[in-house]
Amino acid sequence: MFFNFSFSLSFSSFHRFSLLLLILCLARVDLASTTKIGNGYRLISVDESPDGSLVGHLQIKQKNNIYGADIPLLQLYVKHETDNRLRVHITDAEKQRWEVPYNLLPREKPPALKQTIGRSRKDAYTYTLTPSEYAGSELIFLYTTDPFTFSVKRKSNGQTLFDSRSDESDPYSDLVFKDQYLEISTKLPEDASLYGLGENTQPHGIKLYPNDPYTLYTTDLSAINLNADLYGSHPVYMDLRNIDGESSTHGVLLLNSNGMDVFYRGNSLTYKVIGGVFDFYFFSGPTPLDVVDQYTQFIGRPAPMPYWSFGFHQCRWGYHNLSVVEDVVENYKKAKIPLDVIWNDDDHMDGHKDFTLNPINYPRPKLLEFLEKIHGQGMKYIVIIDPGIGVNTSYGVYQRGIANDVFIKYEGKPYLAQVWPGAVNFPDFLNPETVEWWGDEIRRFHELVPVDGLWIDMNEASNFCTGLCTIPEGRICPNGTGPGWDCCLDCKNVTKTRWDDPPYKINASGIQAPIGYKTIATSASHYNGVLEYDAHSIYGFSQAIATHKALQGLEGKRPFILSRSTFVGSGHYAAHWTGDNKGTWDDLKYSISTMLNFGIFGVPMVGSDICGFYPAPTEELCNRWIELGAFYPFSRDHANFYSPRQELYQWETVAESARNALGMRYKLLPYLYTLNYEAHTSGAPIARPLFFAFTNETKCYGLSTQFLLGSSLMVSPVLEEKKTNTDALFPPGSWYNLFDMTQVIVSKEAHYITLDAPLHVINVHLYQNTIIPMQQGGLISKEARMTPFSLIVTFPMAATVGEAKGNLFVDDDELPEMKLGNGYSTYVDFYATVSNGMVKVWSDVRESKFALDKGWIIEKVTVLGLDGIQGGFEIEVDGNPAANTSKVEFSTAEHEYTEKLEDSDQDMMKSVMIEVKGLELPVGKNFSMSWKMGIKA
């Protein structure tokens, strides 16, 4: 839902505020970014523990009071937790400090703090400057003692991945550890390519850009704000390096939920954090996919998504009554545009209150009748829930919340804020009682309305007011006039504590706004006295966990949750959309970088509001956006209350583009769903930067205008106005046009090619050595899922020797778990080879029963890039000759080339696309088919 955080400005004044923002950012003189704050620590003891970890103690060298007093004694804990993961944990040695709760993000606990520090080893380490090391299988931890610094090296090649030394000429300090200010830095090679550190909208593309601000603090700041702290906090980065044509990648996570600034200078990176601990995790890679695998193994694998969630979704804030929603569904059907899920923003609610229905505009009997109809067709229905619970003594949800004492407190009373219902209290999801109450409210609502998923919004948390507020006497708040997000409570700023006004000011909202601005006061308290100051950025994460538990407990079905605010580990529970964007060409382009970042963050089910949330997009822009958005992992059109209607059928040209692009998406659903399984089991992003597959190709490192689905399907959209072509980078190899597989591009080295792209065309290419499963599509995923399968097999053009591989995962997508071995899933590996003039395509099936019970068959196999069929065609099923091949037909079509071939490549001109159709191969049985290769005379 829209909330214009920018000081509640109207649309007309937005540009004036943007100019002010720019001036403030340019004028900002932050001495903290250049002044050395501390003098470091010395290592006074270190021992190896029985579990193989190192435990040491650090003593301050010279105290100062910049940003507060230094903590005099620190505990160092280092452990190789796996062969490819190293942990470095630094905290106060004498007092427990805030950390991300271990019950929310399960992990090993460091050793208990020791109150007395033995002096037996002190002299041995105080004056020695000789580096010492602690080696694991893949990574080496090295340290010096005075000052204490550490580095992490890759064992295989000795490359330094992290180096905390501060030389005299460096613009950053040695280790600084104060109660409300922590600082540490690492040196970096100038040519390293870094990715991550979000959530933010990056105008320069997916690569981190030197001297751009990177502030992490969950904020209801719309995605149109560039280089600012947005809805999520992900203090993780991926570092890709290329030395002499050989690449290696590693990942670095600082597990800390407090607000932070991260200064990336190109040759160094500095963390400035306003609380918590240093809890670093280093992931050795060495490939990008390895890093994400290792990262999600630690933070939690991405949640399995139901099959229907990969269909198309339609939403709008402003579907005023049920008849409008019914018309939307009917108009999609009339326009023959696929649609799986219809959404409601808060229009269905009674007075914007969670878990309610508007009895006039969404009467329950008619809503249930509508849901019975669409559920019968296979469609789904999702509604929004905001965390703020309306303060209303006649409102059952609020009454039960008060009775169960579930709300965040300020000085012993529920903290009062304002969101859409008016005055609200915020549930405290760190409280086990709140989790139970929340689950009960979801159960009650599901009995009222059988929704198929929940959309949790405004959970940064967003507050229309700031400070300590009371409900005004003598006036209605809100009064029903104005935009709805103006604060109407009586409020006063809260600055009396160091939690509301910390000594170091992070660059909140891009202007060093107070950290309690338009959110929960940071001196408010959660369960067990936890401060909002510390827990702020995990609010949405904790809500997602509670919501996931509630939905899974309803009917034992696989939950679908869409969350705006995210943190490390959120992808284990929820999908994400990129928030309030604009209907502009720039925002169309930015959506790719944000989507790719969230794949790195372990949140692969992600997409942006197609056609833009506000204001009205142009017809041409909406054409191009649905062409791109049809290939987002999460594909949804969503618009603002104040924007004109922008459903895809509103323009005939957009409807045509939607039928083309979404038509292909629905044919690709089995491929997308298999990528969902791959994400769930290995963390692999569904949408990936090209460098994930072409790690040695430096031209791919900053590429932010194209992306891959999986490892082989490349999407190259038009991102500029009035363009009917696009320049696309093609890494070396053969690339086949998915919309016309006779069209091929053969690239000997990575280079750009200008592709034709008329208004209704998006370029999607399939790489060589690949097998992808497809079906025939449809208007609803339930229907599309029951159509016959086809396989697309790609070889390098004119290959005489080659291999291709692919796979397929199918299951009962309503089951909570996505796995093999339960009797309700099937996994198939597909293989193809060409050698000695013979072509062979075959399958290897695991857990066949589910696919056999469904009766799925492979009806067609298309092989690209080879000579034709000369004869000797054979088919076997489960090792036996196929009983009936009378319906099998063969056809060939010559490949055509987007680029003119060189004279030396003329032999490729003979290559053809071969279609074998009329097959009836059960997906659940092993098959093999082969033929002699050669062009018939």
Side-chain angles (χ1 to χ4, degrees), residues 99-100 104-105 107 194-202 206-209 212-221 223 225 227-239 249-264 269 271-273 276 278-283 288 291-303 459-460 506-508 535-545 563-579 590 593-606 608 633 679 683 685 687-689:
E99 299 186 44
V100 175
L104 294 189
L105 194 68
R107 59 200 189 278
L194 269 61
Y195 311 87
L197 297 179
E199 178 179 5
N200 58 13
T201 300
Q202 299 174 194
I206 187 173
K207 272 180 66 172
L208 298 188
Y209 194 79
D212 272 0
Y214 295 96
T215 299
L216 280 65
Y217 189 71
T218 62
T219 306
D220 180 5
L221 188 67
N225 292 277
N227 290 326
D229 45 315
L230 302 183
Y231 312 107
S233 176
H234 294 272
V236 61
Y237 70 85
M238 178 183 286
D239 183 335
T249 313
H250 66 275
V252 180
L253 166 68
L254 172 56
L255 185 57
N256 184 303
S257 64
N258 290 83
M260 68 180 77
D261 288 331
V262 185
F263 294 91
Y264 173 52
L269 185 144
Y271 298 91
K272 296 173 180 284
V273 194
F278 285 129
D279 195 2
F280 281 103
Y281 292 83
F282 299 91
F283 306 93
V291 170
V292 179
D293 183 6
Q294 295 153 14
Y295 180 58
T296 57
Q297 183 183 37
F298 171 62
I299 67 169
R301 297 295 196 195
N459 52 350
E460 293 73 30
I506 62 171
N507 194 30
H536 171 84
S537 287
I538 63 170
Y539 189 79
F541 177 44
S542 62
Q543 185 193 17
I545 295 174
S563 180
R564 190 168 75 176
S565 186
T566 58
F567 185 70
V568 175
S570 284
H572 190 57
Y573 304 96
H576 174 66
W577 93 109
T578 63
Y590 300 153
S593 295
T594 307
M595 171 184 69
L596 297 178
N597 266 327
F598 269 88
I600 293 172
F601 298 153
V603 190
M605 191 63 164
V606 59
S608 294
R688 309 171 191 176

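Every heavy atom of this structure was used, including side-chain atoms; hydrogens, water molecules and symmetry mates were not.
Residues G198 and L216 come closest through the heavy atom pair O-CG, 3.5 Å. Shown here for L596 and P689, the closest heavy-atom pair between the two residues is CD2-N, 3.7 Å. Shortest non-hydrogen contact noted between T578 and A223 is O-CB, 3.4 Å. The shortest heavy-atom contact between P302 and G602 is CG-O, 3.8 Å. When all heavy atoms of L253 and Y295 are compared, the closest pair comes out as CD2-CE1, 3.9 Å. Contact between G599 and P685 at its shortest, heavy atoms only, is O-CG, 3.5 Å.
For the pairing with L230, the side-chain contact (heavy atoms from CB on, under 4.5 Å) check across T201, T218, T219 returns one residue only, T201. Tested against T566 for a side chain to side chain donor-acceptor pair (under 3.5 Å), the candidates E460, H234, H576 yield a single pass: H234. Checking N597, T594, D212 one by one against Q202, the side chain to side chain donor-acceptor pair (under 3.5 Å) holds for a single residue, N597.
With sequence neighbours excluded, the residues that form a side chain to side chain contact (heavy atoms under 4.5 Å, CB included) with S257 are W98, V100, I538, F567. Not counting sequence neighbours, T249 has no partner by the side-chain hydrogen bond (donor to acceptor under 3.5 Å, both in side chains) test. T215 meets the side-chain hydrogen bond (donor to acceptor under 3.5 Å, both in side chains) test with D261; sequence neighbours excluded. The salt bridge (Lys or Arg N to Asp or Glu O under 4.0 Å) search around E199 returns none, not counting sequence neighbours. Applying the side-chain hydrogen bond (donor to acceptor under 3.5 Å, both in side chains) criterion to Q543, with sequence neighbours excluded, gives N459. Applying the side chain to side chain contact (heavy atoms under 4.5 Å, CB included) criterion to A303, with sequence neighbours excluded, gives M305.
With contacts defined as side-chain heavy-atom distances shorter than 4.5 Å, the pair K207/Y195 qualifies. Counting heavy atoms from C-beta outward, S565 and F541 have side chains that stay 4.5 Å or more apart. Taking the side chain as every heavy atom from C-beta outward, D279 and N256 never approach each other to under 4.5 Å. Using a 4.5 Å heavy-atom threshold, the side chains of I299 and V236 count as separate. Considering only heavy atoms from C-beta on, L104 comes within 4.5 Å of I545 through its side chain.
Although no hydrogens or angles enter the test, the distance criterion places a donor-acceptor pair under 3.5 Å between the side chain of H572 and the main chain of R301.
Taking the centre of each ring, Y264 and Y214 stay at or above the 6.0 Å mark.
In this structure, the separation between NE2 on H536 and OH on Y217 is 4.0 Å, given to the nearest 0.5 Å.
F282 and F280 have parallel rings, their planes meeting at less than 30° on a 0 to 90° scale where 60° marks the start of perpendicular.
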